[in-house]
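Read the structure below first, then the notes.
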Amino acid sequence: MLKKTTVLAAAIAAALMLGACSKSDSSQAAASAPAAEKAYVVATDATYAPFEYLDDNQVVGFSKDILEAIAANQGIKFNFANTPWEGIFATLGKGDSDIVSSSVTITDERKGQMDFSDPYFEASQLIVTGEKGSGIQSFADLKNHTASVQTGTTGDLVLQKQQGGTSANIKRFDTMPLALKELLTGGVDASVGDNGVIQNFVNNNPGVKLNTISDPAFEKEYYGFAVKKGRSDELLSKINAGIAAIKADGTYQKIYDKWFGGAQQKAASGESK
């Protein structure tokens, strides 16, 4: 009986030691395992080619390539979420996104609501009309004509300043493609939008007779990546450091040439909504 008791006690002690070792080993393994890489969520309205749009259900475009180059340079990671333009900035405050990258024009009003990176693209508004042009040769000529815009974009704002916010001549749409479709179907005399987007649309519709009109009255605009106001982490500084680095090493130029096929614009900036 004593021998059996001794054997049983030894077995229990051994089992306890094995359990303790197993727990200790597991804890050490967990402690030594690499932490999961943080991925910042980027909200983007992917309807704005060539800056951000969907190809085979994946977000692609100039702005995405710029952010991917920044990520590679700074050792960070981004996940892109296609997000409707209406309400896209609210995702920052709600914590649903870390960055808004959607051809966003940096304005004083917006800077009061969110923080911006350094500009990454320079843009201005551009007018596009049908073949006959309806007598439109300048921005001033739009005052008595109908024009389509994407709701809440810079094109919308400049027309509101000219015609008034309640003007029936301004036709607003949820996306720029829908605004441009309205022009093609004859629903308006012109469309107004960022020059890169309008020119991309014209280039990709060679069978349609379209006229583009640039006007000195349109001010230069600059795109920036937006983050939550007062954000305390290093995200914004990493983005800015990345922008500077890819401009310095020629990566920015390569991306620009890929999407626009020409010399880089003089300002280090971007196109905007």
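Along the sequence shown, residues are numbered consecutively beginning with 1.
Across all their heavy atoms, D118 and N240 have their closest contact at N-OD1, 2.7 Å. Looking at every heavy atom in both residues, A147 comes nearest to V188 through C-CG1, 4.0 Å. Minimum interatomic distance between N211 and G130 (heavy atoms only, all atoms of both residues): ND2-O, 3.0 Å. Among all heavy-atom pairs drawn from G135 and D141, the shortest one is O-OD2, 3.6 Å. Taking each heavy atom of S191 and S148 in turn, the nearest pair found is OG-OG, 2.5 Å.
Every residue meeting the side-chain contact (heavy atoms from CB on, under 4.5 Å) condition with K209, not counting sequence neighbours, appears here in chain and number order: E131. The salt bridge (Lys or Arg N to Asp or Glu O under 4.0 Å) search around K258 returns D65, not counting sequence neighbours. Judged as a ring-ring contact (aromatic ring centres under 6.0 Å, His included), and not counting sequence neighbours, Y40 has no contacts. A search for side-chain contact (heavy atoms from CB on, under 4.5 Å) contacts involving Q199 returns L126, V202, N203, T212, not counting sequence neighbours. D174 meets the side chain to side chain donor-acceptor pair (under 3.5 Å) test with no other residue; sequence neighbours excluded. Under the side chain to side chain donor-acceptor pair (under 3.5 Å) criterion, D108 pairs with no residue at all, not counting sequence neighbours. Legend: residues meeting salt bridge (Lys or Arg N to Asp or Glu O under 4.0 Å) with K229, ordered by chain and number and at least two apart, are D115. The side chain to side chain donor-acceptor pair (under 3.5 Å) search around S214 returns none, not counting sequence neighbours. Residues meeting the side chain to side chain donor-acceptor pair (under 3.5 Å) test with T44, sequence neighbours left out: none. For the salt bridge (Lys or Arg N to Asp or Glu O under 4.0 Å) test, residues two or more places apart in sequence or in another chain that qualify with K171 are E182.
Taking CD1 from I70 and OG from S117, the interatomic distance works out to 7.0 Å, rounded to the nearest 0.5 Å. Summarising the geometry, atom CD1 belonging to I255 is positioned 11.5 Å from atom NZ belonging to K247; distances are rounded to the nearest 0.5 Å. Within the model, atoms OG1 of T91 and CG of D98 stand 9.0 Å from one another, a figure rounded to the nearest 0.5 Å. Distance check, rounded to the nearest 0.5 Å: CG of L159 to NZ of K143 gives 10.5 Å. To the nearest 0.5 Å, atom CD1 of residue I106 and atom NZ of residue K111 are 7.0 Å apart. Of the inter-residue distances, the one linking I136 atom CD1 with I213 atom CD1 reads 6.0 Å to the nearest 0.5 angstrom.
A donor-acceptor distance shorter than 3.5 angstrom exists from the side chain of E52 to the backbone of S103, with no hydrogens or angles considered. At distances below 3.5 Å, not a single donor-acceptor pair connects side-chain atoms of D257 with backbone N or O atoms of K254. The main-chain N or O of A217 is found under 3.5 Å from a side-chain atom of D215 such that the two form a donor-acceptor pair. Between the side chain of T146 and the main chain of D189, a donor-acceptor pair closer than 3.5 Å is present. In terms of modelled atom types and a separation under 3.5 Å, the side chain of Q125 and the main chain of G155 share a donor-acceptor contact. Not a single donor-acceptor pair under 3.5 Å links the side chain of N195 to the backbone N or O of A123.
Around atom NZ of K64, more than 12 heavy atoms belonging to other residues, nucleotides or ligands sit under 6.0 Å away.
Follow the hydrophobic side-chain contacts under 4.5 Å out from L157 and you never reach V192; the two are in separate clusters. Residues L210 and F173 do not share a hydrophobic cluster, clusters being chains of Ile/Leu/Val/Met/Phe/Trp/Tyr side chains in contact below 4.5 Å. Under the 4.5 Å side-chain heavy-atom criterion for ILVMFWY residues, no single connected hydrophobic cluster contains both L178 and V208.
Taking the six-membered ring where tryptophan is involved, the planes of Y256 and Y252 are essentially parallel, since the angle between them stays under 30° and well short of 60°.
The only option from I88, V41, D96, V100 that meets the side-chain contact (heavy atoms from CB on, under 4.5 Å) definition with T83 turns out to be I88.
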* **Residues F51, I66; criterion side chain to side chain contact (heavy atoms under 4.5 Å, CB included); working and verdict** => CA-CA 10 Å; F51 294 94; I66 292 295; over 6 Å; no
* **From CA spacing to verdict: side chain to side chain contact (heavy atoms under 4.5 Å, CB included), Y48, S102** => CA-CA 8 Å; Y48 220 62; S102 197; 5.8 Å; no
* To do: Determine, stepwise, if the pair L180 / I198 fulfils side chain to side chain contact (heavy atoms under 4.5 Å, CB included).
  => CA-CA 9 Å; L180 292 166; I198 296 295; 3.8 Å; yes
* To do: Test side chain to side chain contact (heavy atoms under 4.5 Å, CB included) on T251 and N73 and set out the steps.
  => CA-CA 10 Å; T251 302; N73 181 271; over 6 Å; no
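Contact check for E68 versus F80: side-chain heavy atoms found under the 4.5 Å cut-off. For the pair I239/F116, no side-chain contact is recorded, criterion being any heavy-atom separation below 4.5 Å from C-beta on. Taking 4.5 Å as the limit, some side-chain heavy atom of D45 sits within range of a side-chain heavy atom of Q150.
Legend: ring-ring contact (aromatic ring centres under 6.0 Å, His included) pairs involving residues 183-221, not counting sequence neighbours, sorted by first then second residue: F139-F218. Judged as a side-chain hydrogen bond (donor to acceptor under 3.5 Å, both in side chains), the pairs with a partner in residues 155-168 (not counting sequence neighbours) are, in order, D156-Q160, D156-R172, Q163-S167.
Ring to ring, Y53 and F62 are not that close: their centroids are 6.0 angstrom or more apart.
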